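Encoded as structure tokens, the structure appears first; notes follow it.
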Amino acid sequence: MTAPGTDAPTLEVRGLATHFFTKAGVAKAVDGISFSVGKGEIMGLVGESGSGKSVTGFSIIGLVDPPGRVVGGEILFQGQNLANLDGEAMRQLRGNRIAMIFQDPMMTLNPVLRIDTQMVETIHAHDSSVPQQVALARARDALGEVGIPSPDERLRSYPHQFSGGMRQRVAIAIALLNKPDLIIADEPTTALDVTIQGQILYQAQKLCRETGTALIWITHDLAVIAGLADHISVMYGGRIVEQGPIADVLDRPMHPYTQGLLGSVPGHNRRGQKLFQIPGMAPSLLQMPEGCAFRPRCQIADDACLAEPLITEPVAGRHVRCYHPSDGGAGR
Amino acid sequence: MSAFIIRRLLQSVVVVALMSLLVFVGVNVVGDPVHMLVSPEAPQEEIERIIRNLGLDRPVHEQYLFFVKNALNGDLGRSFVFGEPALKLIIQRMPATFELAFAALLMAIVFGIPLGIYAGIYPDRVSSKLIMSGSILGFSLPTFWVGLMMIMVFAVMLGWLPSTGRGETVSLLGLKVSFLTIDGLRHILMPALNLALLKISLVIRLSRAGAREAMHLDYVKFARAKGLRESRVVMVHVMKNIMIPVVTVLGLEFGSLIAFSVVTETVFAWPGMGKLIIDALHNLDRPVIVAYLMIIVLVFVIINLMVDILYSILDPRVRIKDAGR
Amino acid sequence: MSDVVDTAAVPPRVETPLQRFAADFFESRLAAAALVVLLTIIFIAVFAPWISPTNPYDLAKVSIFDARQPPGAENLDGLTFLLGTDGAGRDLLSSIFYGLRISLGVGIASGVIALCLGASVGLTAAYYGGRVDTVIMRLVDIQLSFPAILVALILISALGKGVDKITVALVIVQWAYYARTVRASALVERSKEYVEAATCLALPPRRILFRHLLPNCLPPLIVVGTVQTAHAISLEATLSFLGLGLPATEPSLGLLIANGFEYMLSGSYWISFFPGIALLITIVAINLVGDQLRDVLNPRLQK
């Protein structure tokens, strides 16, 4: 999975499992997933809502809300297992070596604190010896980097004085403040206009390439990922069902779910054709179907699918969790 | 900002004028003003003087203007009991009541906010549930009975604290205050806690609800994702957002503290304006009742005004919305 | 249409709304216990003359020699005073039973009247809107900006003492809460289609108000009603304690507590203590029932 030519991956997740212990039962939001992201790489984590993609992000950064809990697996960040880390050590990594960007920019900034406060505290949380002036200068530079005009003035503003796109830029600037090695972006462009989305995507890609930051881009939108990521992991029902280099997966999806997702994206060459729709709904995490989670919605499912499929590597670098993987070509 | 204050100020003047009209109507039109303002034992010439003074022989709108003129001059009548201007009596006793109310307000903040935030952050802990049961009890307990029980336990049975009066006072900026002497502090502790009980419960509920809500908000999660220490997340990000509703409510409740001090002052024989009004009600000392009413209206209007201004300072969104209007 | 018939024909379980409401309510054991306590208190209040050990206001039966007896004491006639006696020699338990009768009576009566008055005013404001609404709600706002105790003090000073007068005062103190509650939920209901349909049928406003709008405003009204009744009982006790509520001939719990005040400093704690406990239990029970009602009736929490 690691891009050729690099050393150990920035992040390697092995068999991560995060469960929610609710009154109604145990919801296996993330149930044994593995992937890795190398330096300067961008990995797209794709799935429907409820597939466990956001929980994966929060598990890595150690912010799963109760009743959720990481119950298994390893999260190796630069060789260090985050799953075993104590709270204070984890805190020192958060916002410092690992940063996160949230979905709704209208909600991520504290409405009653000025931008400079919210930026400077991020620097001071990890190095309280930085003088205020230096911290402010770094905050201003970070705002400039993400394309916010007249950052000096903007530092003294409150969040409500920014538009949604601008707020997301501020959030990205905060994530970049301490030059992290890994950024987890949880659908950061979903709430934004398409044009602004494009600008932010372009900037994110540029920053990763220039600084060598690894990026996990969580989204439900394949179109967003297509031009951005190097690798893609498709999640369904808390598991990764397909994984591989972006171009290969998009061109020749192997898992019927990925094929369905691609079929439902309006795209080129398909004018006049009816869009495909995956029948049925995503399963409830409390009542997962037996065997393959996708079985009830799958058109090629048979009796074999009643048993849990394992992840296989039919083609080098391509992983798929299916008894009947397509050898490619069928998706288009 | 200043336009905002000026408009609020104008609104307040209108409310005071409106309330003065109400009080005027209550005293002079519904009831018999002579009966209301003159002691039944007053001699005939006194009654005639009052009638002339109030201009009762004139049309109603002129009467009202007369009343306003007198009120503006600080003349709200003379107490039958003390033979002194009612206004003077009330103003003399005001510092005692305000001191008590401020002490109670302080207790509500100092006890209420931390307990409420704690209960909101750890809702499943036994200690949180105890705090919440305590707050339900605080809401249900009748203030006067709690006051009695406090006297019984701490003054009669244990003998730790004095049960009545203000104790030793010192002069601060021309006002007598209790909180600067040990004896005064010992005297104010029980009545202030008694008065604060309801507000502590209220603040606990508000802070808990605010904290519970805030803990799940994205900006708190984002603050954590930035790697902030939990103490800063709670003390700055959660607290600052909770402070807005709590300060607003508490500010508005300051008026209710002054009103409820009527009960506490009676129980603990605290010589404030609450005790004065109860005594006036018992003695049918009507000028004092009217004066108390007008003063309380004024106090309430000023409090509302101050809360609005404070609110706009705390919440930048209010300022913007207002400027846009 | 066929869907409706289908679901009606094969219901998962026969359950009236009332049954479901009861099931939801009794889910909390605390609330169930509170309801039992409350019903017991109401029973005591209603049947006080028949279940009290003595009639504390029958002067022939009360002896000054029995004054300030501690709880459990026995007098010469072999009568046991479970909770002791007050300064006049009356059995405290019996006094509390009679006091509950008055406290609950005044509290509930004022609550019901205020509810009817406030609901009518609130419905009117919501239905007619415009200037009527503005005037009524401004009035409500002004009154609610003053604490209840203050409004009550003013009214009592104007009206004087007596059961009828304090009931009137408590009604005036409370109506605004009901008016505001009803108006808020009626405004929500008013915009719904069934009201529009009723208006299109040219039903008279009164019919729309009381037959269509009011039933849908009931849940929040019931919740506010319980909480307000607790407030009214507490306020009446407070006023009586201050000597501004009920006359000595109608001794509510507040008056009993006030009567014990002077003896407390000399150590006869029970005269104030037990009536206070009775008051406390009553208010806590009502509040707990009210809390549970709010949770059960809250449409946002319902599935």
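Quick caveat: nothing in here was measured; it's all calculated off a predicted structure. Each chain gets a letter, A, B and so on, in the order its sequence line appears, and its residues count up from 1. FYI, side chains are in, hydrogens and waters are out, and symmetry mates aren't considered; it's all heavy atoms of this structure.
Contacts between A:Leu63 and chain B at a heavy-atom distance below 4.5 Å involve backbone atoms as well as side-chain atoms. Residue A:Gln118 touches chain B through both its backbone and its side chain, counting heavy-atom pairs closer than 4.5 Å.
The two residues B:Gly227 and A:Ala125 have their closest heavy-atom pair at O-CB, 3.6 Å. The two residues A:Ala171 and B:Phe222 have their closest heavy-atom pair at O-CZ, 3.9 Å. In plain terms, the two heavy atoms of B:Leu228 and A:Arg91 that are nearest each other are O-CD, 3.5 Å. Nearest heavy atom pair, residue B:Lys240 against residue A:Val112, reads NZ-O, 3.4 Å.
The candidate from A:His126, A:Met100, A:Gln92 with the greatest count of non-hydrogen atom pairs under 4.5 Å with chain B is A:His126. The candidate with the highest count of non-hydrogen atom pairs below 4.5 Å against chain B, out of A:Asp65, A:Asn96, A:Asn178, is A:Asp65. Between chain B and the residues A:Thr108, A:Thr122, A:Ile174, the most heavy-atom pairs under 4.5 angstrom are made by A:Thr108.
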Could you walk me through whether B:His237 and A:Glu121 pass the side-chain contact (heavy atoms from CB on, under 4.5 Å) test, one step at a time?
CA-CA 11 Å; B:His237 286 262; A:Glu121 68 180 2; 2.5 Å; yes
Take A:Leu177 and B:Lys226, measure what side-chain contact (heavy atoms from CB on, under 4.5 Å) needs, and give me the verdict at the end.
CA-CA 10 Å; A:Leu177 269 177; B:Lys226 291 196 295 190; over 6 Å; no
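For residues 194-219 of chain B, the interface with chain A (any heavy-atom pair closer than 4.5 Å) comprises B:His216, B:Leu217, B:Asp218, B:Tyr219, sorted by residue number.
Expressed to the nearest 0.5 Å, how far CZ of B:Arg224 lies from CD1 of A:Ile61 amounts to 12.0 Å.
Residue A:Glu88 qualifies as enclosed at atom CD: its count of foreign heavy atoms under 6.0 Å is above 12.
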